[in-house]
Amino acid sequence: MIINKDVMRDHNERSVLQAIVNHGPIARNEISKLLGLNKVTVSDIVGTFIDRKLVSSQGEKASSPGSGRRAELVAFNATYGYVINFSISGEILEMLVTQLDGRALSYSESPLNQPTVSEITTKMTDMIGQLPAFEVENGLQAISIAIFGVVYQNEIVTSPFVDFGDFDLVSYFQDRYHVPVIMENEANLAAVFEQDFSKQELQSIVTVSIHEGIGAGILLNKQLYRGNYGRAGEIGQIMIPGAGKQRLAKLPSFDREWSEAALLKKAARLKGVDHYSLVQLVQAEAQGDPEIAGLLENLCYHLAIVTSDLIVAYDPQMIFFNSPLVEQLPELLKNIQMKLSFMPLVPPLVMSKDVKYATLLGGASLAIHQVLDMPGTRLIFHH
């Protein structure tokens, strides 16, 4: 088989940079042993990266007396630039700025109340405009945008909370800032976060995201599974059967019945009030309120059904829950696990490592992969 020299060079460069990102500070000879590349090739590639300021020297490695010349250590230059990551839900616009190793530089948020696309884009550009001058080599490198809805090939297919119409959000920001713009479903990004901000490498995971709606991010063989048109994991659209034989179009969806927003509406009706907050729900549960306890038991029952469907469909190694509700009431996770005890093999059900920032950091990961031209490459970021 004939291998093009340019293709081989590109492959070697990605492998060397991956080793430096994941294992640095690291010596050139250690990279050579790790990758099975000769020292001259590694040294040449590392020198190119240093010239581009993607990699920096960290001084000499400590060695034992009499061991000869000490090796120079090199590390990934996370301050090569920064990426901006947005999350747009029905209630809040969030922005997180990170270095190229995932470390946060700035976070801000702005409330949303049935906003128009124009209002959202104005807020986003205002938030970017208010950022300080970060101490980085090359400034803004990419933008990611998380959408609570179906995204297919960087286009919004449906969004239950914001009417984007035919507005091309990606082109708008590409034309304005002249950097790559990546748009993705928020649950998918939460799944990316769990993989890329962990030293534990998992082949297949599912992240259940419970916020204003419910969705699942699916990673199979370390790659996002989106389905044919980006609808994979839209578990909020699962129909909930009722008593008797009803027309399928009339059946309620999981989103409508058991999202966090739907749960709080149910709690408000139980208590005869117009509004019921998550804080009130958690307090009522702690005080042993029987009505709230019954409501949460019903939630766990339905979440157990959906979780069992995800286990049968995708057979993941782990299922992460990204939910402010479950984070504050971790006993709900134990309840769901107990309800699934009849199944022969149930993967660990665990809380997200970072409920608040998971989606934004997942977006940062995809943006950084784009900046480094390393799609599909395993990179371990800081958390």
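- Both V181 and L131 sit in one connected hydrophobic cluster of ILVMFWY residues. Membership requires side-chain heavy atoms under 4.5 Å apart, directly or through other members.
- Residues G376 and H369 share a closest heavy-atom pair of N-CD2, 4.4 Å.
- Using a 30° and 60° split on the angle between ring planes, Y172 and F167 fall in the tilted class, from 30° to 60°.
- The side-chain tip of K353 points at the ring of F193 from less than 6.0 angstrom away and within 45° of straight on.
- Taking every heavy atom of both residues into account, L219 and A191 meet most closely at CD1-O, 3.4 Å.
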From CA spacing to verdict: side-chain hydrogen bond (donor to acceptor under 3.5 Å, both in side chains), N221, Q223: CA-CA 6 Å; N221 297 321; Q223 301 297 317; over 6 Å; no
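- Residues I143 and N85 are not in side-chain contact: their nearest non-hydrogen atoms beyond the backbone lie 4.5 Å or more apart.
- Shortest non-hydrogen contact noted between P160 and G149 is CD-CA, 4.1 Å.
- When all heavy atoms are compared, the tightest approach of S56 to Q58 is OG-NE2, 3.0 Å.
- In terms of heavy atoms, Y276 sits closest to L264 at O-CB, 3.5 Å.
- Summarising the geometry of T207 relative to A190, their closest heavy-atom pair is CG2-CB, 3.8 Å, with the distance given to 0.1 Å.
- Among residue pairs with one or both ends in residues 318-358, those qualifying as ring pair (Phe, Tyr, Trp, His ring centres under 6.0 Å) are Y107-Y357; sequence neighbours excluded.
- Between E186 and the options S209, S87, S89, a side chain to side chain donor-acceptor pair (under 3.5 Å) holds for only S209.
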Step by step, would you call E13 with R9 a salt bridge (charged side-chain N to carboxylate O under 4.0 Å, His left out)? CA-CA 6 Å; E13 284 186 352; R9 172 76 180 191; 3.0 Å; yes
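- Proximity of a side-chain donor or acceptor of N22 to a complementary backbone N or O of R378 within less than 3.5 Å is detected.
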The test is side-chain hydrogen bond (donor to acceptor under 3.5 Å, both in side chains); show your working for T79 and E135 and say whether it passes. CA-CA 7 Å; T79 60; E135 294 184 8; over 6 Å; no
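- The side-chain contact (heavy atoms from CB on, under 4.5 Å) test with I45 singles out one residue from V16, V40, I31, and that residue is V16.
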